[in-house]
There are 2 protein chains.
Amino acid sequence: MEPLTTEQKIIKAASKLFTQKGYAATKTREIAEEAGINLALLNYYFGSKERLYKEVVKNKLWMLLEVMIPVLSDETVSLKEKVETIAENYTQLLLEHEELPIFILNEWTVNEDLFVDITRDARLFAKPVIEKQLKENGMEVSVPDFIANLLSLIMFSFVAKPLFISSGLVEEEEFADFVMRRKEKIWEWITKINQ
Amino acid sequence: MEPLTTEQKIIKAASKLFTQKGYAATKTREIAEEAGINLALLNYYFGSKERLYKEVVKNKLWMLLEVMIPVLSDETVSLKEKVETIAENYTQLLLEHEELPIFILNEWTVNEDLFVDITRDARLFAKPVIEKQLKENGMEVSVPDFIANLLSLIMFSFVAKPLFISSGLVEEEEFADFVMRRKEKIWEWITKINQ
DNA sequence: TTTCAAATTAAACAAATGATTAAATCATTT
DNA sequence: AAATGATTTAATCATTTGTTTAATTTGAAA
């Protein structure tokens, strides 16, 4: 348990506040207070609020993608293993960071330019690998539809959590159970969908 | 084509900017400029930025819910018709207002208090009606899972559009085609999932 | 111990921002 | 035409906000 460096304290506080409230609503003074550091240190280490923000977004986007990209691209992992690993890892990750997908997807919509740099030249999905494995499994679905169905069924519950809670469809206390149970069914659903 | 009243011009401009950029990033002077009115009129008609914002959120939330709620609650509409109508209506609506779901879901996460008032006492989902129809169709799925699957498969493509576009999985020009084709398969998918 | 760069602090600056005021204009009624 | 209330305008206010500055402290090297 090394004590955090000043830089780490700032990143930690900024990550928390930016993901909770978005870029514009988060004030540099808040970040400084949350981090327990002097306001000027924020600019000393990161130059500006925007540069700090980009740092945070890069981290968070990577958290979200690394669960999926390497697994999907790996030819030695079967389609079933892929789906089950991704379902498992995402549910795990998102239960610990519920705000992650909505933060990233909203920022990606509102602040598109920012993501151009980050995702440039990143081969996010290994289309040929997945295409081959879909055929091997007798699935006639297209790669985009396969990815869309997979991510939908795993992630949407987290994105739309407030709707589920407010409507009384799912109680706050049983939400974790709800997504854990769904996680177990993903592979079954995916195979059924694609016959 | 009546010319818009000042109030309508403000609401229109505010709707556009708030949904595009969120509450904090939207400045009252921008709204005034976009609406072509004097800044003071915003407070004259709506009292404050926050009250104007609540007005916009209420409208947008209702746009999103009215596609779904009345249809789902109607006992005289079969489950198949329900699913197909909702798939059709949502795809239509969201193609015209792509920013709508991510705006509402993000605001609902970031600004939860605001939605307490709006959704209080609103029986969003008619659980018993759907439960009955699921049984009649031999579907053993729970209502929350049914709703989650339905909304996931329809809406997630819009929420995650930037991911699909940036990854090259779907081209911007073919996005409308992509979601239109998916829309046609929703009922098939839903039935297969629940055997 | 002295030196010196790195790290930290308090204070201040300039611009932006939500809101208000008081005067001017408009439209409707008398 | 005069009167009256509703609408609109330009100007201003008080804070907030991101950033900078200049001085101080810290800690390691000489």
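Below, chains carry the letters A, B, ... as their sequence lines are ordered, and counting in each starts from 1.
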- Check the pair Glu99(B), Gln20(B) against side-chain contact (heavy atoms from CB on, under 4.5 Å), reporting the backbone distance first and the verdict last. CA-CA 7 Å; Glu99(B) 73 302 333; Gln20(B) 247 172 35; 5.9 Å; no

- Task: Take Phe175(A) and Phe158(A) through the test ring-ring contact (aromatic ring centres under 6.0 Å, His included) and record every step on the way to the result.
- Result: CA-CA 9 Å; Phe175(A) 183 77; Phe158(A) 292 93; 5.6 Å; yes

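A 3.5 Å limit on both hydrogen-bonding distances identifies dA2(D) as the Watson-Crick or G-U partner of dT29(C).
Ranking dT17(C), dT9(C), dT9(D) by closeness to the Lys27(B) side chain, first place goes to dT17(C). Closest to the side chain of Asn38(A), out of dA19(C), dT19(D), dT9(C), is dT9(C). The side chain of Ala40(B) approaches dT20(C) more closely than any other nucleotide in the set dT20(C), dA7(C), dT19(D). Comparing dG18(D), dT17(C), dA6(C) by their nearest atom to the side chain of Tyr44(A) picks out dA6(C). Side-chain proximity of Tyr45(A) to the nucleotides dA10(C), dA7(C), dG18(D) is greatest for dA7(C). Of the candidates dT8(D), dG18(C), dT19(D), the closest approach to any side-chain atom of Thr6(B) belongs to dT8(D).
At dT19(D), one or more side-chain N or O atoms of Asn43(A) fall inside 4.0 Å of OP1 or OP2 (strictly under the cut-off).
A donor-acceptor contact under 3.5 angstrom links the side chains of Ser78(A) and Glu81(A), judged on distance only. When only modelled atom types and interatomic distance are considered, Lys183(A) and Gln92(A) share no side-chain donor-acceptor pair under 3.5 Å.
Contacts of Thr5(B) with the nucleic acid, taken as non-hydrogen atoms under 4.0 Å apart, are absent.
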